[in-house]
Student: 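This structure is in structure tokens; I'll ask about it shortly.
These numbers come from a predicted model, not from an experiment. Naming: A, B, ... by sequence-line order, numbering from 1 per chain.
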There are 2 protein chains.
Amino acid sequence: MPTDQLSRTFAALADPTRRAILARLSTGEATVGQLAEPFAMSFAAVSKHLRVLETAGLVTRGRDAQYRPARLDARPLAAASEWIGDYKKFWADSFDTLGSYLDKLQQHNTPSNDSPANDTPEERP
Amino acid sequence: MPTDQLSRTFAALADPTRRAILARLSTGEATVGQLAEPFAMSFAAVSKHLRVLETAGLVTRGRDAQYRPARLDARPLAAASEWIGDYKKFWADSFDTLGSYLDKLQQHNTPSNDSPANDTPEERP
DNA sequence: TCGGTTTAGAACCAAGTAGTTGAATAGGAG
DNA sequence: CTCCTATTCAACTACTTGGTTCTAAACCGA
């Protein structure tokens, strides 16, 4: 709701429907009708969600006859990822202090992983 | 606003004040008064922001005399980072298709800015 | 041209959010 | 006990959000 880009990005992600839409778009363009199909929701509601994603810069819309296909643009996620990344050291090992984390970092230069390949990015309601 | 954890996490991050509070807490515990000091905002408003962060699991509150110090708990950020990480391939090079991204990944195994590891090409979000 | 399909817009509603002010509570200090 | 500090609660305002329904617009096909 605030006007800064990062806030808009996070706000856009703070809804399961919108995350599912992004997941769907990660497999390719889709029309509003195709996007709305899995949801118990009107087209207009999906259209509104798309508008939120659009003003967050996460999707762009095209025009193909009467269709306005939506396309994923993940670039705003880079800034979001970067922001969260600054906190990685705080969840790297929740029993370690920051100090011992930094020690470990110095010893062997492997600061934890964060994902053993999670295939299911989001629920599909 | 929805009740799922990931949505609460993203919603909590979708506000500059709350992100600033988290940044402050990353340097150590702080009381409401200390947290409110940099903002042109009442204590009660900061208290509300803290409540949002608390229900998102991002801060925990203690009790020290009449103070209720807030402490960062970054663990919910891991899930958020993981979710976003699934989209990394889509912003890796916005002019490349996913296919050529995967090609490049295979050729020279160079991660990127944000973090070593977690560039595992998990299959499509 | 007429009709069907796809989408957006407008008006509306219920619920939530971000802030305010002022009173109430909890705990230490005198 | 009484006062002071730190924090929350309650009530209020103003605005946003996620959804609805109904209507209008864009476009294709017959």
Side-chain angles (χ1 to χ4, degrees), chain A residues 1-22 24-25 28-71 122-125, chain B residues 1-22 24-25 28-71:
Chain A
M1 188 227 290
T3 50
D4 75 282
Q5 177 59 44
L6 198 48
S7 296
R8 278 198 303 270
T9 303
F10 280 130
L13 298 180
D15 183 290
T17 302
R18 287 195 288 267
R19 290 197 302 276
I21 288 175
L22 290 181
R24 167 66 181 79
L25 290 179
E29 283 191 357
T31 67
V32 175
Q34 293 169 331
L35 290 171
E37 191 258 324
F39 301 106
M41 198 185 299
S42 67
F43 281 29
V46 172
S47 202
K48 282 192 179 183
H49 281 301
L50 274 177
R51 153 109 54 207
V52 173
L53 291 167
E54 200 177 355
T55 66
L58 286 165
V59 314
T60 57
R61 310 293 304 270
R63 161 72 72 177
D64 176 14
Q66 68 251 210
Y67 307 90
R68 293 193 198 299
R71 187 169 31 258
E122 187 51 31
E123 65 279 357
R124 312 284 288 240
Chain B
M1 196 230 292
T3 50
D4 75 281
Q5 178 58 46
L6 198 48
S7 296
R8 277 198 302 269
T9 303
F10 280 131
L13 298 181
D15 183 289
T17 302
R18 285 195 290 265
R19 290 198 303 277
I21 288 175
L22 290 180
R24 168 65 182 78
L25 290 179
E29 285 192 355
T31 67
V32 175
Q34 292 169 330
L35 290 171
E37 190 258 322
F39 300 106
M41 199 182 300
S42 66
F43 282 28
V46 172
S47 199
K48 284 191 180 182
H49 281 302
L50 273 177
R51 152 106 60 203
V52 173
L53 291 167
E54 200 176 354
T55 67
L58 286 164
V59 316
T60 57
R61 311 293 305 271
R63 161 72 72 179
D64 175 14
Q66 66 253 208
Y67 307 90
R68 289 181 179 7
R71 186 169 33 256

Student: Report the residue (B:Val32 or A:Ala45) whose heavy-atom-nearest nucleotide on DNA chain D is the more 5′ of the two.
Tutor: B:Val32
Student: What is the distance, to the nearest angstrom, from the CZ atom on A:Arg68 to the C1' atom on D:dC27?
Tutor: 10 Å
Student: Evaluate B:Val46 against B:Thr17 for side-chain contact (heavy atoms from CB on, under 4.5 Å), listing each step before the verdict.
Tutor: CA-CA 9 Å; B:Val46 172; B:Thr17 302; 5.7 Å; no
Student: Starting the side chain at C-beta, find the nucleotide from C:dT7, D:dG18, D:dT21 nearest to A:Ser42.
Tutor: D:dT21
Student: For B:Arg8 and B:Thr55, work out which heavy atoms get closest and say how close.
Tutor: NE-O, 3.4 Å
Student: Do you know which two heavy atoms are closest between B:Phe10 and A:Leu13, and how far apart they sit?
Tutor: CD1-O, 3.5 Å
Student: Whole angstroms only, please: what is the CG-C1' distance between B:Asp15 and D:dT16?
Tutor: 13 Å
Student: Does A:Arg71 CZ have over 12 foreign heavy atoms under 6.0 Å away?
Tutor: yes
Student: Rounded to whole Å, how long is the line connecting atom CD of B:Gln66 with atom C1' of D:dT8?
Tutor: 14 Å
Student: Do you know the tightest heavy-atom contact between B:Val32 and B:Phe43?
Tutor: CG1-O, 4.1 Å
Student: Regarding A:Tyr67, tell me which of base, sugar-phosphate or nothing describes its non-hydrogen contacts under 4.0 Å with the strands shown.
Tutor: sugar-phosphate
Student: I'd like a list of close polar pairs between nucleotides 9-12 of chain D and the protein, N/O only, cut-off under 3.5 Å.
Tutor:
{"from": "D:dC9", "atom 1": "OP2", "to": "B:Arg51", "atom 2": "NH2", "distance (Å)": "2.4"}

Student: For C:dA8, does either OP1 or OP2 sit under 4.0 Å from a side-chain N or O belonging to A:Arg61?
Tutor: yes
Student: Between P on C:dA8 and CG on A:Leu35, what's the gap in Å once rounded to a whole number?
Tutor: 10 Å
Student: Quick one: closest heavy-atom pair of B:Ser7 and A:Arg19, and the distance?
Tutor: OG-NH1, 3.0 Å
Student: Looking only at side-chain atoms of B:Thr31, point me to the closest of D:dT20, D:dT7, C:dT20.
Tutor: D:dT7
Student: If I take atom CE in residue B:Met41 and atom P in nucleotide D:dT7, what distance separates them, rounded to the nearest angstrom?
Tutor: 16 Å
Student: Report which part of the nucleic acid B:Ser47 touches: base, sugar-phosphate, or nothing (heavy-atom distance under 4.0 Å, all strands).
Tutor: sugar-phosphate
Student: Taking atom C1' of D:dG19 as reference, at what distance in whole Å does atom NE2 of A:His49 sit?
Tutor: 8 Å
Student: Between A:Arg68 and A:Arg61 (side chain of the first, backbone of the second, donor and acceptor by atom type, cut-off under 3.5 Å), is there such a pair?
Tutor: no
Student: Need one value for B:Thr17: base, sugar-phosphate or nothing, where a base atom within 4.0 Å counts as base even if backbone is also close, heavy atoms only.
Tutor: nothing
Student: Nearest whole angstrom, please: distance from the P of D:dT17 to the CG of A:Leu53.
Tutor: 13 Å
Student: Just compare D:dA26, D:dT20, D:dT8 and give me whichever is closest to any side-chain atom of A:Arg63.
Tutor: D:dA26
Student: Please report, rounded to the nearest Å, how far the C1' atom of C:dT17 is from the CZ atom of B:Arg8.
Tutor: 16 Å
